[in-house]
Amino acid sequence: MATLVLQPDSISEKFGPHLSTSTGMRLDPGVVPDRVVETHCCFCGQQCGIQLLVKHNQVIGYEPWYAFPFNKGKLCPKGVKRYLQGAHPDRLLHAYKRDATSPHGFSPIPYEEAIQKVADEIGRIQNAHGPSAFASLSGASLTTEKTYLMGKFARVCLKTPYTDYNGRLCMVSAGAGNKKAFGIDRAANPWNDILRTEVVWISGANIAECAPITTDYVWQARENGAKIIVVDPRITPLARTCDLFLPIKPGRDVALFNGILHLMIKNDWIDHSFIEKYTQGFDKTAANVADWTPELTARVTGIAEKGILKAAELWGRARTSFLMHARGIEHSSHGVQNVLGAINMVLASGRIGRENCGYATITGQANGQGGREHGQKCDQLPGMRDISNPEHRAYVASVWQVDPADLPQAGVDAYEIIRKIDRGEIRGLLSISFNPIVSLPDNNFVRRALEKLEFYAAIDFFLNDTARFADIVLPGSLQEEDEGVVATAEGRVVKINKAIDCPGEAREDWRIIQDIAHALKRPHGFNFHSPREIFEELRIASKGGLADYFGVTYEKIERQHGVFWPCLSEEDTGTHRLFEPGTWNPIAKGNGPFYFPDGKARFNVATYTPPAEEVDTDYPLMLTTGRVISHFLSGTQTRRIGPLVDQCPEPYIEVHPMLAGKLGLKQGDWATLESRRGAVTLKAQVVNTIRPDTIFIPYHWAGKQSVNQLTISAQDPISHIPEYKVCAVRLRKADAPHSGAT
Ligand SMILES: Nc1nc2c(c(=O)[nH]1)N[C@H]1C(S)=C(S)[C@@H](COP(=O)(O)OP(=O)(O)OC[C@H]3O[C@@H](n4cnc5c(=O)[nH]c(N)nc54)[C@H](O)[C@@H]3O)O[C@H]1N2
Ligand SMILES: Nc1nc2c(c(=O)[nH]1)N[C@H]1C(S)=C(S)[C@@H](COP(=O)(O)OP(=O)(O)OC[C@H]3O[C@@H](n4cnc5c(=O)[nH]c(N)nc54)[C@H](O)[C@@H]3O)O[C@H]1N2
Ligand code: SF4
Ligand SMILES: [Mo]
């Protein structure tokens, strides 16, 4: 047995008097766990394999899982510490109701009473104002079984069109772009195709901090001779070791992609036979980039012309390549155009659908891929089916044994749900695995809207910052307390295995949802006894859809270390690499490798428009936001894991020395950053790794430390993703905030 890591003395004192502040871990090989459970990390979309060590129904440590092929035992700092979260004293062990007389604002109540209260309020609001007056929001950290159940719960039990998910803040620009260009929304390649490629192009992805294990693939490619190109307003840790860094102004990536395609065409660095045989729409796209000369591209993007020429040459002349992007280009009011611009570059090169050649959006949340497949989106039914398509409705209704006419039509995106709450059109909300008060843009507006709800219930395992506004809080399950599947960044469906039982009155999330359906006296379709039963129904509901899981079984996942969908039958081992010439797919039916009836990929004209809010004399700087390695999303989990808090205790304002000098700011000085929507006062972090016209703040903190007080709620017109990556701000030196302000 490898080293045993014990529940250490490592959670910061501020989180519990019985725990010390040491960041070290105590190794005690003397303690033998009862069980070792092969499963996956609960955090990002890499879904690294990990083994949890269990004793007396508690996760007491972890061991690397060397046999899992994606990460081969490697883990990032969050994976190494993830086992600590369950022991935190804040773990919800009871249901709670709002109680003004309690010093904490909540009192524990029996679980059944809480469920009945939720059902009564849903019934009351819907009787008075119709089914659409109640909405649900869910998250893509949930297993695919739960995301499927949430889509079904909204449509069959609540009968509301108003349901959406936090992938709306994350994956939807990539999803929409991929569907437009390829006809399908899944990472096109297994990551092994990165290893022996000649050029790796990375746009708007801080891989070393946000997809840390992917760094290893990129570095191996470099060892094998690959050139690495990184496009980012910040010299990220991976960019420090790249061959070519393009310091783009936030919000202008489509201009760069168009400029590169312009040079590829001009220098005849395009694959004519691939374009002819496997694509449509090249001429229009070529005409659109005709104006994007290096001079214009440089002016719009802020990148020097010679960098653009060099990038075009490296990319253009390569025989194999792999392009990756993440939220840096997708979190934009023209996120879909950015994605289409990137895909045009890939299609023109002809380097997709074969070994060592590929393209991927790097998935964010644990189940960022699976969460966008089986119906928790406002316009989607299981199997990536379209809720407005009569045939799709009829099929899913037959599986659910309901009348297709009773299925609601498409709803609206998560932010529009908040606007509807603000306008009084939606009066009740149930949320699970979502923390919108921290994670949505312009969150002072979000808070004011949520305060107007007549009734709000939240399901979580911690009292997250939004749940503090709830009337009822239901104690859900940690990832290790339940089983189910998730789909990784590669498109590999893997199995989360249950390590421990839920403590106290906490329940598996799917049981809570079913209990509400029963208390509402609407039990039809909510009589599952296990995640496996839900999965068996999902397999059938997805059959014949784009995301066809019919051939995926729990056993096959265990046998093969995952199954890449589509997987159409019991005999099918899955589809590792999409778009290989000569392969059959159910949409093209042998006409070609892409998921359209003619089997051809689509070039799409990618149009440049400036960000929703440009700088001006009042707000002369650009703010961009994102992540640090040691925290995860809204921070509900990682702000409770002591060693991670110790690594990065608070947010900061990243500012270039030239700008800092002009404002008289030194490292560690307090500074106030203001936008038209709000302000934060944080310490300055003076670094020469950021553009002098750009500020960066990580977004994992709540309240007065939340950068989403400043961000803009402008959204992409197609995907409805918010523009987190650029808005106009001004910066000034400040006094230390009053106590309690940070
Ligand atoms: N440590 C950690 N890892 C995570 C997460 C986490 O919270 N913490 N979250 C997970 C999730 S859900 C997601 S979505 C992913 C996100 O993963 P990433 O998208 O890699 O992370 P971000 O920090 O949001 O942004 C990526 C980069 O985009 C750059 N950027 C900003 N504006 C622009 C622009 O206009 N153009 C370009 N080209 N680049 C720009 C930023 O400087 C940043 O380096 O990470 C996942 N992994
Ligand atoms: N400014 C700015 N804002 C951003 C971003 C940015 O780059 N900049 N990124 C956006 C992106 S990409 C994302 S994905 C969103 C994320 O935003 P959110 O989804 O709101 O953030 P999470 O922290 O994942 O919140 C999910 C909640 O789910 C709970 N949870 C996790 N797993 C489970 C589970 O299995 N069961 C239950 N019941 N609960 C669970 C956690 O405790 C947490 O409270 O934030 C977005 N917001
Ligand atoms: S890379 Fe992602 S999945 Fe892997 S250990 Fe880190 S947070 Fe967990
Ligand atoms: Mo995300």
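Start at 1 and go down the list; that is how both ligands and their atoms are numbered.
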Requested in this report: Have a look at ligand 2 and work out which part of I432, if any, has a heavy atom under 4.0 Å from it: side chain, backbone, both or neither.
Outcome: side chain
Query - Contact atoms of ligand 2, heavy-atom distance to L142 under 4.0 Å - result: 34 (C), 35 (O), 36 (N)
Query raised in the report: Going by distance only, is there an N or O of R327 that falls short of 3.5 Å from an N or O of ligand 2?
Result: no
Query raised in the report: Under 4.0 Å from ligand 2, counting heavy atoms only, is it the side chain of S477, its backbone, both or neither?
Result: backbone
Requested in this report: Salt-bridge test for D646 and K81: reply yes if a basic N is under 4.0 Å from a carboxylate O, no otherwise.
Outcome: no
Requested in this report: Check each heavy atom of F462 against ligand 2 and say whether those closer than 4.0 Å belong to the side chain, the backbone, both or neither.
Outcome: neither
Report task. Taking side chain to side chain donor-acceptor pair (under 3.5 Å) as the test, write out the residues that go with E723, two or more places apart. Result -> S333
Query - ligand 2 to R627 polar contact by distance, N or O atoms, under 3.5 Å - result: yes
Query raised in the report: Does F106 have R98 sitting over its ring (NZ/CZ under 6.0 Å from centre, angle to axis within 45°)?
Result: yes
**Report entry** Gap separating the CD1 atom of I718 from the NE2 atom of H334, nearest 0.5 angstrom
**Finding:** 12.0 Å
Requested in this report: To the nearest 0.5 Å, tell me how far C48 SG sits from K78 NZ.
Outcome: 9.5 Å
Report task. Report the distance from atom CG of L474 to atom CG of D509, rounding to the nearest 0.5 Å. Result -> 10.0 Å
Requested in this report: Using a 4.5 Å cut-off on heavy atoms from C-beta on, say whether the side chain of R91 contacts that of L93.
Outcome: yes
Query - With sequence neighbours excluded, residues passing side-chain contact (heavy atoms from CB on, under 4.5 Å) with A470 - result: Y456, A458, V473
Query raised in the report: With a 4.0 Å cut-off, would you call R186 and E490 a salt bridge?
Result: no
**Report entry** Distance from atom 33 (C) of ligand 2 to nearest protein heavy atom, with residue and atom
**Finding:** F461 CE2, 3.3 Å
Query raised in the report: Of the listed options (D465, D509, L169), which comes nearest to atom 37 (C) of ligand 2 when hydrogens are ignored and any heavy atom counts?
Result: D509
Query raised in the report: Hey, is the main chain of D185 close enough, under 3.5 Å, to the side chain of Q369 for a donor-acceptor pair?
Result: yes
Requested in this report: Mind listing the protein N/O/S atoms less than 2.8 Å away from atom 8 (Fe) of ligand 3? Waters don't count.
Outcome: C41 SG
Requested in this report: Look at the aromatic rings of F68 and W65 and report parallel, tilted or perpendicular, splitting at 30° and 60°.
Outcome: tilted
Report summary line: Within 4.0 Å of some non-hydrogen atom of N166, the atoms of ligand 2 are 18 (P), 19 (O)
Report summary line: Note: heavy atom closest to atom 47 (N) of ligand 2, options S439, C727, A326, belongs to S439
Query - Nitrogen or oxygen of S634 less than 3.5 angstrom from that of ligand 2 - result: yes
**Report entry** Nearest-contact summary for atom 44 (O) of ligand 2 - protein heavy atom, Å
**Finding:** D460 OD2, 2.7 Å
Query raised in the report: Taking distance alone, with no angle check, do S141 and ligand 2 share an N/O pair under 3.5 Å?
Result: no
Query raised in the report: Against heavy atoms of C170, which atoms of ligand 2 measure under 4.0 Å?
Result: 12 (S), 14 (S)
Report task. Below 4.0 angstrom from a heavy atom of Q637, which ligand 2 atoms are there? Numbered from 1 as shown, please. Result -> 31 (C), 41 (C)
**Report entry** Atom indices of ligand 2, in the order listed, that fall short of 4.0 Å to a heavy atom of H331
**Finding:** 5 (C), 6 (C), 7 (O), 9 (N), 10 (C), 12 (S)
**Report entry** NZ (K74) with more than 12 external heavy atoms under 6.0 Å
**Finding:** yes
**Report entry** Subset of ligand 2 atoms that lie under 4.0 Å from at least one heavy atom of Q365
**Finding:** 14 (S)
Query - N708 and ligand 2 - part of the residue with a heavy-atom distance under 4.0 Å - result: side chain
Query raised in the report: Should E451 and R448 count as an ion pair when the cut-off is N to O under 4.0 Å?
Result: no
Query raised in the report: Got the closest protein heavy atom to atom 24 (O) of ligand 2, with its distance?
Result: L633 CD1, 3.0 Å
Query raised in the report: Hey, which atoms in ligand 2 end up nearer than 4.0 Å to a heavy atom of T636?
Result: 42 (O), 43 (C), 44 (O)
Report task. Considering only NZ, NE, NH1 and NH2 on the basic side and carboxylate oxygens on the acidic side, decide whether K97 and D471 come within less than 4.0 Å. Result -> no
Report summary line: Residue, atom and distance of the protein heavy atom nearest atom 16 (C) of ligand 2 read Y699 OH, 3.6 Å
Query raised in the report: Does T689 have any side chain to side chain donor-acceptor pair (under 3.5 Å) partners at least two apart in sequence or in another chain, and if so, which?
Result: none
Report task. Tell me whether the centres of the aromatic rings in H561 and F70 are closer together than 6.0 Å. Result -> no
Query - D482/K146 salt bridge by N-O under 4.0 Å criterion - result: yes
**Report entry** R234 with E654: basic N within carboxylate O range, under 4.0 Å
**Finding:** yes
Query raised in the report: In ligand 2, which numbered atoms sit nearer than 4.0 Å to a non-hydrogen atom of K725?
Result: 7 (O)
Query raised in the report: For N464, is at least one N or O under 3.5 Å away from an N or O on ligand 2?
Result: yes
Query raised in the report: Which option, F434, Y724, Y165, F43, owns the non-hydrogen atom nearest atom 2 (C) of ligand 2?
Result: Y724
Report summary line: of all protein heavy atoms, closest to atom 8 (N) of ligand 2 is T625 OG1, 2.9 Å
Query raised in the report: Are R532 and E145 close enough for a salt bridge, meaning some N to O gap below 4.0 Å?
Result: no
Query raised in the report: Got the closest protein heavy atom to atom 28 (O) of ligand 2, with its distance?
Result: S433 CA, 3.0 Å
